[in-house]
Amino acid sequence: MAAQQREPVVVVGASMAGLLAARALVEQGTPVTVIDRDDLPLAATPRARVPQGRQLHILLSAGLEQLRAWFPGIEEELQHLGAARVDGFGAWIHQGGAYRARGELGRPGLSLTRPLLEQVVRQRVAALPGVSIEAGATVERVEVTGRRVTGVVVDGHVRATELVVDASGRSSGLAHELARDGVLDPPVTHVGIDIGYVSFFLRRSPGDFEGDVAIVIGNPGTFRSGAALPVEGDRWNVMLSGVHGDAPPSTAEGVAAFARSLSSPTIAQLIEHCTRVSDIESYRFPSSRRRHYERVTELPGGLVTVGDAACSFDPVYGQGMTSAALQAAALGRAVARVGLSAPDLPKRFHRHAARIIDAPWRIAVGGDFGHPETVGPRPLGTTRLNGYTARVIQAAHASLPVARVFNRVLQLEDPPLALFRPDVVARVLTASRHSPAVTGAAVQHPRVGPLPPCPDLPH
């Protein structure tokens, strides 16, 4: 098969990770071709080969900030299409026996479905000079010459390239092929959580709920969790999850019973109050998995890996898209420093990417090891960190400043070390004693449904 054309960059996969990698690279003046095996939809609908696309997705603050920088006006465009603006004043987050303090927790975010976000980002990327998106084409394998990836084979034809970006997802065929052939076989960490979850939509109307966001986190506790977020189309996107075989049922009766078992009644009350307007979609996630490219002594030139193909997290934490955006930005910076053809580009990039992945990995995996059945390599200091995090959760019930720092860490705006600043530790130790979970004070749950009628005034 003779090479038919030469392209500077081929991105495998039009996922969020692939699209954002293309955006970061074209900023360096590099033409990019994005290839995806799916026939990409024109409308904001889930893709058949992306089953998790039907589930609830969250774009964290750090990811939204990166999108604002890359795509001016995208926030306003998404809001025009129905994305809901959310902030800390309207967020009812129940964890550890009470609700987090509500108030100014940071810059407001957007709540929307993954298909809508992906559609708008794809349109923005496709409109960039130098970007080409090819749908319905399969990258069968990569071409390797010596210790360098020199091209891809697409539907039987060789296409030479300076750089291949593998953004083909958790089940990356390229990663499996390279490992099988002994070209690139990085150490892999698996942390078994066996999470099962369901998502569906409810009709959303004014007065449904005394707030904008309802999240119930059963860690520590039963590890049963739920969330209801406003999304486009005047809908609530509801998710329920459990771990290690405790998956929520996919029937209406089973969903209602599972929701009633959560530590806050809010999600169950919303399900009872609102009309369901979609099927109940289920998904299973066996383990968090991280490929440690940063630990490989000699990485082949001409290939980097981003997004879920590098690391897929427990999805309950909502970190995947934001981590992919930060990795894409790091790739753009690495190419700006050393160029596409530099032999050490993969090593430089993956060292930076590893530092980006470390924070969400520690948050998700550390939390998962709160369950006794979770298996896999336990990060050093996890038990002690989880003990302190429990105090942080309690302190966040009573202290808005602690809740604000905790939120910034969870939103990947600040590293976990921010929770260990002396001023934060002092607040945590003091405020945690005032949590309703510690004092036994009654917890006021948000109102769901219309206000009760006013009682008649005495004559």
Side-chain angles (χ1 to χ4, degrees), residues 51-52 54-58 84 86 90-100 102 111-114 193-231 233-285 314-318 367-368 370-371 393 397 436-437 442-450 452:
Q52 71 273 28
R54 300 177 183 276
Q55 304 296 328
L56 185 148
H57 281 69
I58 298 173
V86 296
W92 290 82
I93 304 173
H94 190 279
Q95 183 179 16
Y99 294 94
R100 282 184 209 158
R102 291 179 298 121
S111 180
L112 70 170
T113 64
R114 170 175 165 162
I193 186 65
D194 187 21
I195 184 169
Y197 54 104
V198 298
S199 289
F200 52 92
F201 295 99
L202 304 175
R203 183 176 295 120
R204 177 166 55 95
S205 305
D208 281 343
F209 169 52
E210 184 189 351
D212 302 319
V213 173
I215 299 175
V216 183
I217 303 169
N219 176 8
T222 65
F223 272 71
R224 288 188 169 194
S225 298
L229 278 72
V231 297
D234 293 323
R235 297 173 296 170
W236 293 107
N237 197 172
V238 180
M239 181 273 293
L240 301 171
S241 69
V243 302
H244 295 301
D246 185 30
S250 56
T251 64
E253 297 79 7
V255 159
F258 193 95
R260 286 194 295 269
S261 75
L262 299 178
S263 56
S264 160
T266 306
I267 305 294
Q269 290 171 352
L270 267 176
I271 293 171
E272 181 179 352
H273 171 71
C274 302
T275 302
R276 182 163 55 86
V277 292
S278 75
D279 293 334
I280 298 169
E281 302 284 351
S282 60
Y283 188 70
R284 205 69 175 254
F285 183 89
D314 179 341
V316 163
Y317 296 88
D368 288 347
H371 196 290
I393 291 168
H397 299 156
V443 174
Q444 183 66 42
H445 297 288
R447 175 188 56 80
V448 175

K.L.:
At what distance, to the nearest 0.5 angstrom, does CZ of R235 lie from CG of L112?
P.N.:
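If we round to the nearest 0.5 Å, R235:CZ and L112:CG are 10.5 Å apart.
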
K.L.:
Looking only at heavy atoms, which two atoms of T266 and A214 are closest? And how far apart?
P.N.:
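Smallest heavy-atom distance, with atoms named: CG2-CB, 3.9 Å.
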
K.L.:
Taking all atoms of both residues into account, what is the closest heavy-atom pair of G196 and A247, and its distance?
P.N.:
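Scanning both residues completely, I find the closest heavy atoms to be CA-CB, 3.9 Å.
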
K.L.:
Rounded to the nearest 0.5 Å, how far apart are CG of D279 and CZ of F200?
P.N.:
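It is 11.5 Å, given to the nearest 0.5 Å.
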
K.L.:
Calculate, to the nearest 0.5 Å, the distance between atoms CG and CG belonging to L229 and N237 respectively.
P.N.:
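Reported to 0.5 Å precision, the distance equals 7.0 Å.
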
K.L.:
Could you please spell out the steps behind the side chain to side chain contact (heavy atoms under 4.5 Å, CB included) verdict for L56 and V238?
P.N.:
CA-CA 7 Å; L56 185 148; V238 180; over 6 Å; no

K.L.:
Can any side-chain N or O of S205 pair as donor or acceptor with the backbone N or O of D208 at less than 3.5 Å?
P.N.:
no

K.L.:
Is the shortest heavy-atom distance from the side chain of W236 to the side chain of V231 under 4.5 Å?
P.N.:
no

K.L.:
In sequence, state the C-alpha distance, the side-chain angles, and the governing distance for Y317 and D314, and then conclude on side chain to side chain contact (heavy atoms under 4.5 Å, CB included).
P.N.:
CA-CA 6 Å; Y317 296 88; D314 179 341; 3.5 Å; yes

K.L.:
For Y197, is there any backbone N or O sitting under 3.5 Å from a side-chain donor or acceptor partner on R284?
P.N.:
no

K.L.:
Would you say R203 has more than 12 foreign heavy atoms packed within less than 6.0 Å of its CZ?
P.N.:
no

K.L.:
Could you state the interatomic distance from CD1 (I195) to CZ (F285), rounded to the nearest 0.5 Å?
P.N.:
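The CZ atom of F285 is 8.0 Å from CD1 of I195, to the nearest 0.5 Å.
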
K.L.:
Between Y99 and H445, is a ring pair (Phe, Tyr, Trp, His ring centres under 6.0 Å) present by the stated rule, with each step listed?
P.N.:
CA-CA 8 Å; Y99 294 94; H445 297 288; 5.5 Å; yes

K.L.:
A side-chain contact here means heavy atoms from C-beta on lying under 4.5 Å apart; do I215 and R100 qualify?
P.N.:
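I215 does not reach R100 side chain to side chain.
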
K.L.:
Counting distance only, does the side-chain N/O of N219 pair as donor-acceptor with the main-chain N or O of G367 below 3.5 Å?
P.N.:
yes

K.L.:
Which atoms form the tightest heavy-atom contact between G242 and P248, and what is the distance?
P.N.:
N-CD, 3.8 Å

K.L.:
What I'd like to find out is whether the side chain of F223 reaches to under 4.5 Å of the side chain of V316, using heavy atoms alone.
P.N.:
no

K.L.:
Taking the six-membered ring for Trp, are H371 and H244 parallel (under 30°), tilted (30 to 60°) or perpendicular (over 60°)?
P.N.:
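Tilted, since the angle between the ring planes falls between 30° and 60°.
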
K.L.:
Say you draw a straight line from CD of E281 to OG of S199; how long is it, rounded to the nearest 0.5 Å?
P.N.:
8.5 Å

K.L.:
Would you indicate whether the side-chain heavy atoms of R102 and W92 approach each other to under 4.5 Å?
P.N.:
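The answer is yes, as the side chains (C-beta and beyond) meet within the 4.5 Å cut-off.
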
K.L.:
Measuring from D368:CG to D194:CG, what's the distance to the nearest 0.5 Å?
P.N.:
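Between atom CG of D368 and atom CG of D194 there are 11.5 Å.
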
K.L.:
Determine the sole option in S225, P265, S263 for which the side chain to side chain contact (heavy atoms under 4.5 Å, CB included) test with V216 is passed.
P.N.:
S263

K.L.:
Could you pull out the closest heavy-atom pair between V443 and P436, with the gap in Å?
P.N.:
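Reported closest heavy-atom pair: CG2-CB, 4.0 Å.
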
K.L.:
Could you go through V198 and V255, starting from their C-alpha distance and side-chain angles, then the distance that decides it, and tell me whether this counts as side chain to side chain contact (heavy atoms under 4.5 Å, CB included)?
P.N.:
CA-CA 8 Å; V198 298; V255 159; 4.3 Å; yes

K.L.:
Can you name the closest pair of heavy atoms from A98 and H397 and give their distance?
P.N.:
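Result for this residue pair: O-NE2, 3.3 Å.
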
K.L.:
Which heavy-atom pair separates L202 from R276 by the least distance, and what is that distance?
P.N.:
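Scanning both residues, the minimum pair turns out to be CD2-CA, 3.7 Å.
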
K.L.:
Are side-chain N/O atoms of S261 and R224 paired as donor and acceptor at under 3.5 Å?
P.N.:
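Looking only at side-chain atoms, R224 and S261 do form a donor-acceptor pair, the distance falling under 3.5 Å.
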
K.L.:
Going by heavy atoms in the side chains, are D212 and S111 under 4.5 Å from each other?
P.N.:
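Side chain of D212 against side chain of S111, heavy atoms only: no contact under 4.5 Å found.
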
